[in-house]
Number of protein chains: 2
Amino acid sequence: MSLTEQIYVDLRSAIAEGRYAPGQKLKAEHIAKQLDVSGGTVREALNRLLSDGLVEVADRRGFTVAPFSVDDLRDITRARLLIEVECVRDAVAHGDDRWEASVVAAYHHLEMLARQRGGTDDWHELELRNRAFHAALVSGCQSPSLIGFHHQLFTRHYRYRRYALQDRGIVSGARKDHAALLRAVTERNVETATEIIRAHILRTQESSEALVAAFVSESSMTRKS
Amino acid sequence: MSLTEQIYVDLRSAIAEGRYAPGQKLKAEHIAKQLDVSGGTVREALNRLLSDGLVEVADRRGFTVAPFSVDDLRDITRARLLIEVECVRDAVAHGDDRWEASVVAAYHHLEMLARQRGGTDDWHELELRNRAFHAALVSGCQSPSLIGFHHQLFTRHYRYRRYALQDRGIVSGARKDHAALLRAVTERNVETATEIIRAHILRTQESSEALVAAFVSESSMTRKS
DNA sequence: GTCAATAATTTTCTCGAGAAAATTATTATT
DNA sequence: AATAATAATTTTCTCGAGAAAATTATTGAC
């Protein structure tokens with residue numbers, strides 16, 4: 001893996017996990033010094049991050065972390081309702097055996113961790129496996145474009161997930177959703193699968209919106225100081 | 001406008017217009033010499049082009065022009081049927097007065113040129129205005145994400161448009177579609193507008209697929225020499 | 001004290017060179 | 001002649017420096 005790509009994935013994680021605040025400037029030279037690479041390399045990674053919608057660029061005034069707002073969350077949710085639901089519909093309808101097996105594998109991998117004591121042992125690993133499950137599910141869709149769009153939306157949504165996860169009901173609900181989704185997949189029940197996904201996306205949105213709103217207004221307070 | 005951005009838009013046009021062949025390698029240093037800029041600058045533009053799906057990158061083996069195939073065309077068409085139709089539905093339902101006026105303006109600008117003798121006078125300008133009309137139409141949609149996806153799909157589809165345009169019926173049909181679309185917009189007739197767009201996308205696909213297939217197989221012949 | 005003009009600093013952008021890796025050409029071996 | 005190993009070439013990647021532009025700080029006028 002080239003250095004540029006390494007920096008690219010590192011920065012993507014850092015932004016998605018909130019280690020860089022929304023709206024914050026991403027000064028190439030500054031980041032370069034921290035990571036002990038050249039400014040040009042960081043610059044290249046930053047340009048690549050534009051694809052993911054996590055970073056914005058303004059001519060002659062550099063890169064910034066994409067804003068974080070209730071509107072943005074609503075936008076992501078809405079696009080997911082269109083695209084992710086369609087991806088799942090298509091995957092369940094047309095995915096082949098290999099795909100179905102990969103979904104079973106991803107589900108099992110996720111469930112193994114979720115089954116552990118308490119559940120919230122290794123947050124980061126849990127999110128990784130959750131992401132892998134959803135990616136596997138969607139990968140059966142026959143449209144590379146839609147899969148790509150879904151991937152971007154999922155990445156952008158990552159910053160908002162932590163707020164949904166504070167809702168106890170969402171966490172346990174998600175686990176039930178995953179089980180139900182797996183059954184719908186193996187039974188090739190398109191209607192059930194799409195309905196679960198749709199409900200899942202909507203519920204996540206509803207439970208996180210208030211918390212996101214609170215965070216946004218709070219951070220705009222502190223920003224004034 | 002920074003040099004990087006200039007190179008970026010230039011390369012985007014060049015690829016969309018087919019001046020770089022699908023699959024062709026895009027050697028930064030080589031392009032840099034032609035445009036009389038540094039390799040790093042071209043490299044940055046190339047990285048930015050990844051967002052548009054016109055260029056692909058493979059680690060340690062550089063950038064290539066995205067492949068061109070019937071499958072790709074079908075994929076684009078399918079994604080457009082989902083996303084563009086939804087964008088138009090939303091725009092017609094929720095676009096404000098300013099939006100409606102911008103659609104009228106874009107339509108008029110396009111129609112002024114189309115009305116000219118013969119029609120196919122200045123191809124390039126016609127395409128520019130056609131693109132502006134569609135962009136105006138979609139800009140009324142309340143979802144920035146969906147607008148962004150539509151923009152990417154439209155850009156990627158540009159390479160295939162020339163084949164649809166060889167069909168006489170498509171060209172005159174498009175003009176009628178635009179007129180009907182404008183009426184549906186001013187009358188706020190959501191059902192009619194979405195139906196026209198859907199039919200328009202499908203017809204374009206149908207009339208170009210055979211020609212694209214012919215071109216692909218032909219170019220794979222010559223490639224063997 | 002407020003505002004505008006100027007100066008100092010920081011940041012972004014662009015370049016050309018060199019190291020690392022991949023590709024192509026050449027030679028050697030069967 | 002076909003394959004494999006080696007050498008030569010090209011290409012990609014990475015760096016650090018300097019020019020251009022933007023931001024911040026300072027000064028001066030009112």
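Proteins get letters first, then strands, A, B, ... in listed order; numbering begins at 1 in each.
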Asks: Quick one: Glu29(B) CD to dC15(C) P, roughly how many Å, whole number?
Replies: 11 Å
Asks: Rounded to whole angstrom units, what separation is found between the CD atom of Gln24(A) and the P atom of dT11(C)?
Replies: 13 Å
Asks: Between Met1(A) and Arg61(A), which residue's closest nucleotide on DNA chain D lies nearer the 5′ terminus?
Replies: Met1(A)
Asks: Establish, yes or no, whether a centroid distance under 6.0 Å links the rings of His157(A) and His150(A).
Replies: no
Asks: If you check every side-chain atom of Glu44(B), which of dT12(D), dT14(C), dC15(D) has the closest atom?
Replies: dT14(C)
Asks: Atom CG of Asp59(B) to atom P of dA22(C): distance rounded to whole Å?
Replies: 9 Å
Asks: Thr4(A) has a side chain; which of dT14(D), dT14(C), dT12(D) sits nearest to it?
Replies: dT14(D)
Asks: Taking the six-membered ring for Trp, are His178(A) and His134(A) parallel (under 30°), tilted (30 to 60°) or perpendicular (over 60°)?
Replies: perpendicular
Asks: If the threshold is 4.0 Å, N to carboxylate O, is there a salt bridge linking Glu125(B) and Arg129(B)?
Replies: yes
Asks: Can you check the Gln6(A) CD to dT14(D) P distance for me, whole Å?
Replies: 10 Å
Asks: Given dT14(D), dA22(D), dT23(C), identify the nucleotide with an atom nearest to the side chain of Thr41(A).
Replies: dT14(D)
Asks: Between Asp75(A) and Arg80(A) (salt bridge meaning N to carboxylate O under 4.0 Å), is one present in this structure?
Replies: no
Asks: Using 0.5 Å steps for rounding, measure from the OG atom of Ser143(A) to the CG atom of Leu81(B).
Replies: 10.5 Å
Asks: Mind calculating the distance between CD1 (Ile31(A)) and C1' (dT12(C)) to the nearest angstrom?
Replies: 13 Å
Asks: Return the value, rounded to whole Å, for the distance between atom CZ of Phe63(A) and atom C1' of dT12(C).
Replies: 9 Å
Asks: Report the nucleotide, chosen from dT14(C), dA21(C), dT12(C), that has the shortest atom-to-atom distance to any side-chain atom of Arg60(B).
Replies: dA21(C)
Asks: With nearest nucleotide decided by heavy atoms, which residue, Val37(B) or Lys25(B), maps closer to the 5′ end of DNA chain C?
Replies: Val37(B)
Asks: In whole Å, I'd like the distance from the CG atom of Leu26(A) to the P atom of dT11(C).
Replies: 13 Å
Asks: In whole Å, I'd like the distance from the NZ atom of Lys33(A) to the P atom of dA17(D).
Replies: 11 Å
Asks: Choosing from dT12(D), dT11(C), dT14(D), which nucleotide comes nearest the side chain of Leu3(A)?
Replies: dT14(D)
